[in-house]
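Structure first, commentary second.
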Amino acid sequence: MDAKAYNATLAELRKDRDQIKKAKAALASLEEARDKKIRTLAGYEKANAERIAPAAGLGLADIARIAPALAPPALHSSEPTAPDGPTDDSLSPRAPSDITPTGAAPRAAAPTRTQPQSPARDDRQDPAPPPASAPGQDRELPAIPDGPQGDRWFAHTPNLTSTHPNFTQQARSTVFLDTTTGTLVHRDQTLRLTLPDTRAATILQAVFHAVPEGTERIFITAGDPWHHQADRHPFLKDAVAAWLNAPIDGWRTDTGRGKDKMAGHFVHPRNPVGRYQSDNGRHHVEIRSVGEWFDPEGADPTTIRDAFVLLWKALRAHWNDAVLMGSPSQTGRDLWTRTIPARGQHADGYPVLSEELRGLLHATAGQGRTELLTPPAVPDPLPALVEYDRTFAYAKHTWKSPVGTPRRITARTFASWSEKEQAKALYGCGHWHVRVTVPETWNHVGLLPAPAPGDRAWHYPATPGTTFTTWAGGPEIHTALTNPLTPWRIEILDGLLFDDGKPLDDWAKKLKEAWATLAAQADLHGDPAQRQAARLASRAVRSLLLYGIGSFAQRPRTVTGTTPRTHERDVPADAEIIGFTDQTITWQRPTGFTRDPNAHPEWAAAIWSGARAALLSQRHRDDNTYAGALHTPPGTVVAFRTDALYLTTPQSWPYHGQPGDYLNKGHLTGPLAAPATEEQLLALRDAGRTALKES
């Protein structure tokens, strides 16, 4: 870009700025007029929030905020809280671990539940809405009720157990389509389709004309057709919902069939799933994004087809009945069920925890650590930005997992144990309700997650003297007590303690072997296209484990539906309006937990806790050394992103290409302006990766 182009772009940017200001002002005016009409409607004695909400395109909570008189009784009820248990200022840290039991646990609060988007449907009763945090305040985490009420949580759901499947999974006939070029790959055929547009109707018509019978899954390899009218919608998710729900002659939304197919569309801004069935019931087909499995990196449909073939062959070496399903989470969990032992201790399967304990784990066990540290916690400018990414990280933490019915460990029970018993419990498979105090001399990053404002948000307090109450897994508690700098003070309020087991070990070992085989092919194959296919296949194995673990968490589900504008009364009262067309209203509503026989949030929580702890400190036994954030000088950690660290100085940590090893993926030499937003961090990350490759 030269100076003339630079100045011209600046002028265009100023015009954009002015237009955005005008649009915001117009939007504010429209919203003010809408709110005024809602308040006017509230004056009618028979006004009904359930009718007003879809007419206004808002949820019930929004209507209640604008016109409190219209709030349903459930939104007026007071929310349970979890006040802290008593403190004892006379208690002081004691060797070897700063564990301080309190005399009583916090009082009960119902588990907080959020509803991430999911396509599955369920007719169970809806859970209570999660308690909201006041602006700027940390949200309250739930606690186990005192006495017999809480003790009843410590059970399994009747007649719900993970068992070895007694059926063979059926493969789906799959094609791969690049909607940008029209290239379609079906088995060993490569065809060129004419696509006048990228509507779902056009894609279905073109594919079934080219491959008349048998197509059950269409993988989109490039083009993102669900974004083709994104400029007409305020949010990308709205554009995707409109694309999925547009009427198609001869087709309707699929109602589901078979053991590996869920009903309804899945509205996701980047990787949605469209599920359709023909009006005559003969055809069922999914339109999916290959991005669920891996970043295609510009690969053509033939190479992507080859990647899936290589993936299938690598899995067949370990599972003679392996079948690739629509998503890595479905496939990963199906493969796991086929490792459940037929004989021995767990031949009867793995029972599913009570819904109360699953709700508790859902509300209190976060996933990956994502944190950006800004000045003065880091220097500005940065001397450099160095990225270290843990290779196949979650595979490192599957060797031990919680099994069986957990025991409740109250503060009083924990206090009655010897130090050896306490240390053994905290090193085992547990999930603990704790009060944490940051040491007065602390000058490094935070160690334990604390609830932050916002749904499912977490932060990591590091200010000396700060005290907070949270839930954390055993690996993080152990790291906080044994870190190489200063032990933190941990007060045990309550906890779940499981037996140690290996329910995921065989599954993970097979996936790691498949991953290693494909990674070796990616390094050694003589054909560049096959090297790329093998590399993509190895990343797909990573997705099998990563998303398979995530699927064990079994989040409460949300369904998406559409209702004709002429029947807006039929929109469910608890639904949130997420999109409009002239003909239809698109909505979503929570449905709570399903009776999923493979729901094991205790496994996902344990792995996530182990991965967060390894970002802080990880021992390399063969090299007799340690790696992680706590083994860097204070002020050098810029960010955490799930399984990656961003530092201001390079490290000499060993790398052998094994799961969990820290790989140097980027190095950008400074001085650099310290990033203040995630977008700025990612821009520096990409520049650092490019710079490292070039060097």
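These numbers come from the heavy atoms of this one structure, side chains and all, not from hydrogens, waters or symmetry mates. Quick caveat: nothing in here was measured; it's all calculated off a predicted structure.
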Plane angle bin for Trp603 and Trp336 - parallel if under 30°, tilted between 30 and 60°, otherwise perpendicular: perpendicular
[atom2] on [Y] to [atom1] on [X], rounded to 0.5 Å:
| X | Y | atom1 | atom2 | result |
| --- | --- | --- | --- | --- |
| Leu668 | Arg685 | CG | CZ | 13.0 Å |
| Trp293 | Ile304 | CH2 | CD1 | 13.0 Å |
| Phe266 | Arg288 | CZ | CZ | 9.0 Å |
| Leu184 | Thr179 | CG | OG1 | 11.5 Å |
| His444 | Leu485 | NE2 | CG | 6.0 Å |
| Leu195 | Leu177 | CG | CG | 6.0 Å |

Can Ser609 and Glu476 be said to form a side-chain hydrogen bond (donor to acceptor under 3.5 Å, both in side chains), step by step? CA-CA 6 Å; Ser609 178; Glu476 292 166 286; 2.8 Å; yes
side-chain hydrogen bond (donor to acceptor under 3.5 Å, both in side chains) between His667 and Ser695: does it pass, once the steps are laid out? CA-CA 9 Å; His667 190 151; Ser695 65; over 6 Å; no
Between Thr398 and Ile607, does a side-chain contact (heavy atoms from CB on, under 4.5 Å) hold up when you go through it step by step? CA-CA 7 Å; Thr398 55; Ile607 291 169; 3.8 Å; yes
Given the rule in the side-chain contact (heavy atoms from CB on, under 4.5 Å) test, do Tyr626 and Gln618 qualify, once you have shown the distances and angles that lead to the verdict? CA-CA 5 Å; Tyr626 288 84; Gln618 173 178 281; over 6 Å; no
Does atom [atom1] of [X] have more than 12 heavy-atom neighbours, drawn from other residues, nucleotides or ligands, at distances under 6.0 Å?
| X | atom1 | answer |
| --- | --- | --- |
| Asp622 | CG | no |
| Arg232 | CZ | no |
| Phe468 | CZ | yes |
| Arg316 | CZ | yes |

Are [X] and [Y] close enough that some pair of their side-chain heavy atoms sits under 4.5 Å apart?
| X | Y | result |
| --- | --- | --- |
| His186 | Arg305 | no |
| Thr470 | Thr364 | no |
| Thr466 | Pro461 | yes |
| Pro449 | His459 | no |
| Leu504 | Phe552 | yes |
| His227 | Thr198 | no |

How close do [X] and [Y] get, heavy atom to heavy atom, and via which atoms?
| X | Y | answer |
| --- | --- | --- |
| Val638 | Pro675 | CG1-CG, 4.2 Å |
| Pro269 | Val240 | O-CG2, 3.8 Å |
| Leu672 | Thr669 | CD2-O, 3.7 Å |
| Leu544 | Trp507 | O-CZ2, 3.9 Å |
| Pro379 | Gly635 | CD-O, 3.3 Å |
| His318 | Ala314 | CD2-O, 3.4 Å |

Show your reasoning for whether ring pair (Phe, Tyr, Trp, His ring centres under 6.0 Å) applies to Phe219 and Phe308. CA-CA 11 Å; Phe219 267 130; Phe308 277 91; 5.1 Å; yes
Side chains of [X] and [Y]: donor-acceptor distance under 3.5 Å anywhere?
| X | Y | value |
| --- | --- | --- |
| His600 | Glu602 | yes |
| Thr391 | Tyr655 | yes |
| Asp334 | Thr331 | no |

In terms of side-chain geometry, is the basic nitrogen of [X] or [Y] positioned less than 4.0 Å from the acidic oxygen of its partner?
| X | Y | answer |
| --- | --- | --- |
| Glu387 | Lys665 | no |
| Glu371 | Arg612 | no |
| Asp505 | Lys509 | yes |
| Asp306 | Lys313 | no |

Measure from NZ or CZ of Arg369 to the centre of the six-membered ring of Tyr460, then state whether that distance is under 6.0 Å and the direction lies within 45° of the axis. yes
Under 6.0 Å from the six-membered ring centre of Tyr427 and within 45° of its axis: does the NZ or CZ of Lys400 meet both? yes
Carefully, step by step, assess Leu545 and Phe392 under the rule side-chain contact (heavy atoms from CB on, under 4.5 Å). CA-CA 9 Å; Leu545 187 132; Phe392 207 6; 4.0 Å; yes
When you measure from the side chain of Asp231 to the backbone of His233, do you find a donor-acceptor pair of N or O atoms at a distance under 3.5 Å?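 Not confirmed, Asp231 side chain does not pair with His233 backbone.
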Donor-acceptor check, side chain of Ser543 to backbone of Arg539, threshold 3.5 angstrom: yes or no?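 Indeed, once roles are kept as given, a pair shorter than 3.5 Å links the two residues.
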Walk me through it: do Lys693 and Asp686 pass the test salt bridge (charged side-chain N to carboxylate O under 4.0 Å, His left out)? CA-CA 11 Å; Lys693 287 180 180 178; Asp686 294 343; over 6 Å; no
When you look at Val386 and Thr648, which way does the side-chain contact (heavy atoms from CB on, under 4.5 Å) test go after all the steps? CA-CA 6 Å; Val386 189; Thr648 62; over 6 Å; no
With salt bridge (charged side-chain N to carboxylate O under 4.0 Å, His left out) as the criterion, how do Lys510 and Asp506 come out once you've worked through the C-alpha distance, each side chain's angles and the decisive distance to 0.1 Å? CA-CA 6 Å; Lys510 290 178 177 180; Asp506 184 37; 3.6 Å; yes
Determine, stepwise, if the pair Gln330 / Ser327 fulfils side-chain hydrogen bond (donor to acceptor under 3.5 Å, both in side chains). CA-CA 5 Å; Gln330 288 176 294; Ser327 71; 3.3 Å; yes
